[in-house]
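Quick caveat, the model's predicted, so the values are computed rather than measured.
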Amino acid sequence: MLPKLPINLPPHLSLKLIKTYCDSGDLRRARQLFDKITSPDLHSWTTLISAYTRHDLQKEAINLYTRLRDIGFQPDRFVLLSVVKACSTSGDLIQAQRAHKDAVMFGFHHDLLLGNAMIDMFAKCKHLEGAKTAFNDLQVRDVISWTSICSCYVSCGYPRKGLQAFREMGLDGVKPNSVSLSSILPACSNLKCLDLGREIHGFVVKTGMGANVFVSSALINMYATCLCIKEAEIIFNQMVNKDIVSHNVMLSAYFENGEPEKAVSMFKKMKENHSKLNYASWNSILSGCFQSGQTQEALNLLSEMQDSGFKPNQITLTSVLTACTNSESLRGGKEIHGYIFRHCFLNDTTVLTALIFMYAKCGKLKFSQKAFEMMHTRDTIAWNTMIMANSMHGNGEEALTLFTQMLKSSVKPNAITFTGVLSGCSHSKLVDEGLSVFNSMSKVHLIEPDAEHHSCVVDVLSRAGRLEEAYKFIQNMSIKATPSAWGALLGGCRVYKNVDLARIVAKKLFEIEPNNPGNYVSLSNILVNAKLWGEASETRKAMRDKGMKKEPGCSWVQVKNKVHTFVVGDKRNEHSDDIYKFLSDMSDKMRQAGYLPDTEFVLQDLDGEEKEDTLCNHSEKLAVAFGIMNLKGESEITVFKNLRICGDCHNAIKFMAKIVGVRIVVRDSLRFHHFRDGFCSCKDFW
């Protein structure tokens with residue numbers, strides 16, 4: 001039984017006893033004694049608030065400070081420093097702004113120690129303007145001040161401004177320390193600024209900071225991000241004291257640079273050497289294996305992770321699902337879904353949102369819808385993901401319905417919400433609805449449309465054939481039109497065969513995107529379709545003269561947990577003879593069903609028979625044929641293509657789906673196409 005607290009102690013003895021309890025970690029007794037003091041002085045308040053902050057009880061520290069202010073006490077720099085640190089750890093922006101306001105009110109905002117803490121506080125709260133204000137208020141700035149503001153710029157998504165502040169730091173005569181360097185190197189990574197990264201590396205060598213594990217790890221990450229894996233390996237191998245952080249950075253480096261075998265080998269050595277693996281180690285190896293197509297290896301490691309006493313957490317599941325999404329690994333995603341179900345993560349909004357996006361990107365929209373329906377709580381990101389999922393599958397009406405439901409459920413939309421809704425409208429020819437949504441952004445929802453939203457409107461109008469209206473919309477835009485907007489209009493010119501406008505739009509694109517071969521290819525294709533062979537040839541020559549090459553088209557399909565990739569006229573597959581025979585036999589059946597090859601989509605001046613042969617070799621047809629040949633009782637295949645599906649292949653796959661009696665899903669660079677019974681979900685408009 002705890003001894004009773006003394007009462008009616010002199011103030012100095014009460015303070016001494018409070019300090020004793022705080023130092024021993026017994027904050028409950030310290031608070032009980034504090035509450036018995038009739039009029040505690042500022043020193044007593046400061047002692048208890050500081051103790052709460054030191055013991056990670058930020059809420060209690062902030063609440064006690066609020067009580068101090070409510071009864072009219074004027075804080076000093078020490079109590080403000082404690083509450084600032086509490087706000088920093090908790091990320092409570094509202095309380096952070098109040099603490100800063102008090103610092104200014106009582107004249108402590110010029111204090112170097114407190115000012116540095118406030119810069120860090122606002123950085124942790126992701127409030128750049130607050131950090132800049134605290135920084136600018138300082139009359140004297142040391143290395144901590146500069147490091148904190150540089151780090152804030154980087155963490156808030158402004159790496160270029162972070163580098164600028166880093167240069168100003170040098171001009172101010174402040175020498176960076178190891179923390180400064182490890183904080184600014186990520187900016188070089190984000191911008192892939194190899195030259196500056198090498199300059200910093202030179203400074204590290206010159207000043208002897210290479211032994212610092214954080215600096216070395218940041219250098220490894222910088223070189224790996226800039227695709228200089230050899231330099232990253234050299235730094236790693238030169239490190240005398242390699243901790244788990246540096247090992248994890250090197251693991252990610254190997255995956256980033258397309259060397260998953262080295263990553264797996266390194267991870268095995270880490271286990272053999274009894275390295276103290278942490279969640280970051282497991283998350284890195286798992287997501288890397290999934291993303292590099294090593295699904296079985298990843299699943300084995302997932303089991304091993306659990307056997308080692310690490311239960312996959314939210315970060316594990318979301319990072320692995322993201323990797324499955326990027327690599328279109330449906331099997332891996334389904335395995336993770338099973339784990340989510342078995343281990344009761346169904347109430348985790350973040351995990352379920354990642355699951356929704358994974359199924360959508362893998363072509364399984366119905367599974368996305370089921371995951372969405374299971375959610376007990378839906379935040380803005382969850383609604384956005386489901387809206388985007390329907391948009392990419394061409395379900396514009398459903399995207400609009402979801403948007404309406406989102407508003408009714410009192411969830412506030414953001415800029416990404418409107419991008420998703422407008423994208424859905426463009427794919428479904430919902431022009432009036434799209435314009436209405438766009439106009440409501442600033443008038444109803446107080447969100448100013450950005451360049452991407454304007455590009456979506458251009459796409460909405462262009463896909464509906466309202467090309468002149470789209471052109472005028474671009475000319476009257478309040479912000480400068482991006483290549484995306486002009487590209488959408490050029491796409492509309494292709495669909496509706498408007499050569500004159502295409503020339504105008506292409507000329508503009510050549511000016512603002514001089515090194516993008518896609519613009520030259522698009523114009524050339526439009527000219528070829530108009531039988532303007534000479535002008536098309538000149539366009540292609542202009543592209544070649546600039547040293548540009550068109551991105552080659554390729555398609556891929558997963559069969560028996562292996563991804564098979566095809567390019568036009570591909571004969572590398574061991575079953576190539578069977579694939580071409582299948583397509584030949586299928587061609588006869590398709591002709592009997594009414595199919596006629598559309599040779600307009602062969603963008604060469606060939607005779608009719610040569611054009612038909614060329615069409616038969618397109619990568620998407622080869623991938624679809626191989627998928628059908630390996631159905632094994634399944635009723636659906638999913639094929640992916642890196643470019644837009646050609647019109648003849650689109651028509652042919654409709655016939656193939658009807659003749660074989662299966663559902664064929666094709667995802668091209670624009671959207672998903674669901675083929676069934678001779679029809680496509682895009683209604684021949686994409």
Side-chain angles (χ1 to χ4, degrees), residues 53 58 61-62 65 69 75-191 193 196-197 199-200 203 214 218 222 414-415 446-448 450-451 479:
T53 300
Q58 294 84 21
I62 292 169
Y65 177 76
R69 294 291 294 117
D76 62 11
R77 62 192 291 265
F78 299 107
V79 73
L80 278 169
L81 187 61
S82 294
V83 78
V84 161
K85 289 179 178 178
C87 293
S88 176
T89 307
S90 67
D92 189 332
L93 178 57
I94 294 175
Q95 293 299 331
Q97 289 173 321
R98 179 181 179 181
H100 178 253
K101 182 180 178 181
D102 285 352
V104 173
M105 182 186 301
F106 297 108
F108 296 115
H109 54 302
H110 300 307
D111 182 85
L112 181 60
L113 184 63
L114 182 58
N116 287 344
M118 289 194 292
I119 297 169
D120 180 67
M121 170 186 72
F122 282 122
K124 296 281 175 39
C125 295
K126 303 292 184 188
H127 187 57
L128 180 58
E129 290 305 315
K132 286 164 62 179
T133 300
F135 179 80
N136 291 332
D137 282 343
L138 291 175
Q139 296 171 344
V140 177
R141 299 168 187 138
D142 61 6
V143 66
I144 297 173
S145 317
W146 283 103
T147 299
S148 297
I149 195 65
C150 289
S151 177
C152 182
Y153 275 121
V154 177
S155 64
C156 289
Y158 296 93
R160 205 173 298 280
K161 289 186 177 180
L163 289 173
Q164 183 181 337
F166 183 71
R167 291 190 185 96
E168 291 174 4
M169 173 183 178
L171 294 173
D172 200 41
V174 178
K175 184 180 177 181
N177 58 19
S178 58
V179 179
S180 312
L181 299 177
S182 58
S183 298
I184 201 61
L185 277 166
C188 299
S189 301
N190 293 340
L191 297 170
C193 191
L196 182 57
E199 282 185 40
I200 295 175
F203 179 83
F214 296 105
M222 184 276 296
N414 59 19
L446 305 179
I447 296 174
E448 201 60 37
D450 60 21
I479 56 178

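Put simply, the side chain of Met121 does not reach to within 4.5 Å of the side chain of His127, judged on heavy atoms. A heavy-atom distance below 4.5 Å is found between the side chains of Met169 and Val143. Contact check for Tyr158 versus Gln164: no side-chain heavy atoms found under the 4.5 Å cut-off. Here the side chains of Arg141 and Val174 are not in contact, with every heavy-atom distance at 4.5 Å or above. Side-chain contact between Asp92 and Gln58 is absent, with no heavy-atom pair separated by less than 4.5 Å. With a 4.5 Å cut-off on side-chain heavy atoms, Ser183 and Val179 count as touching. For the pair Phe122/Leu93, a side-chain contact is recorded, criterion being any heavy-atom separation below 4.5 Å from C-beta on. Contact check for Tyr153 versus Pro159: no side-chain heavy atoms found under the 4.5 Å cut-off.
The two residues Cys87 and Cys125 come nearest to each other via the heavy atoms O-SG, 4.1 Å. Among all heavy-atom pairs drawn from Phe108 and Pro75, the shortest one is CE1-O, 3.4 Å. The two residues Ile62 and Ala86 come nearest to each other via the heavy atoms CG1-CB, 4.1 Å. Of all the heavy atoms in Asp450 and Ile479, the pair that sits closest is C-CD1, 3.6 Å. The nearest pair of heavy atoms linking Cys152 to Ala131 is SG-CB, 3.6 Å. Closest approach of Ser155 and Ala123 over heavy atoms only: OG-O, 4.3 Å.
Atom CG of residue Asp142 and atom CG of residue Leu112 lie 4.5 Å apart, to the nearest 0.5 angstrom. The structure places SG of Cys156 at 11.0 Å from NZ of Lys161, a figure rounded to the nearest 0.5 Å. Residue His109 holds its NE2 atom at 14.0 Å from NZ of Lys101, rounded to the nearest 0.5 Å. For the atom pair Arg167 CZ and Leu196 CG, the distance stands at 5.5 Å (nearest 0.5 Å). To the nearest 0.5 Å, atom CG of residue Leu185 and atom CD1 of residue Ile200 are 4.5 Å apart. In this structure, Arg77 CZ and Leu113 CG are separated by 5.5 Å, a value rounded to the nearest 0.5 Å.
In this structure, Phe135 and Trp146 have perpendicular ring planes: the angle between them is above 60°, well past the 30° mark.
A donor atom on one side chain and an acceptor atom on the other are not found under 3.5 Å apart for Ser148 and Asp120. Judged purely by distance below 3.5 Å, without hydrogens or angles, the side chains of Ser180 and Asn177 pair a donor atom with an acceptor atom.
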Open item on the list: Set out, in order, the CA-CA distance, both residues' side-chain angles and the distance that settles side-chain contact (heavy atoms from CB on, under 4.5 Å) for Gln95 and Ser90, then state yes or no.
Closed with: CA-CA 10 Å; Gln95 293 299 331; Ser90 67; over 6 Å; no
Task: Leu80 vs Tyr65, side-chain contact (heavy atoms from CB on, under 4.5 Å): CA-CA, chis, key distance, verdict - done: CA-CA 9 Å; Leu80 278 169; Tyr65 177 76; 3.4 Å; yes
- [ ] Give the C-alpha distance, both sets of side-chain angles, the deciding distance and a yes or no for side-chain contact (heavy atoms from CB on, under 4.5 Å) between His100 and Asp137.
- [x] CA-CA 11 Å; His100 178 253; Asp137 282 343; 4.0 Å; yes
- [ ] Could you give me the CA-CA distance, side-chain angles and deciding distance for Thr133 and Asn136, then say whether side-chain hydrogen bond (donor to acceptor under 3.5 Å, both in side chains) is met?
- [x] CA-CA 5 Å; Thr133 300; Asn136 291 332; 5.9 Å; no
TODO: Verify side-chain contact (heavy atoms from CB on, under 4.5 Å) between Phe78 and Leu114, making sure each step is shown before the conclusion.
DONE: CA-CA 8 Å; Phe78 299 107; Leu114 182 58; over 6 Å; no
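Around the CG atom of Leu171, the shell of radius 6.0 Å holds more than 12 heavy atoms that belong to other residues, nucleotides or ligands.
Side-chain atoms of Asp76 come within 3.5 Å of backbone N or O of Val79 as a donor-acceptor pair. Side-chain atoms of Lys85 do not come within 3.5 Å of backbone N or O of Thr53 as any donor-acceptor pair. A donor-acceptor contact shorter than 3.5 Å is absent between the side chain of Asp172 and the backbone of Glu168.
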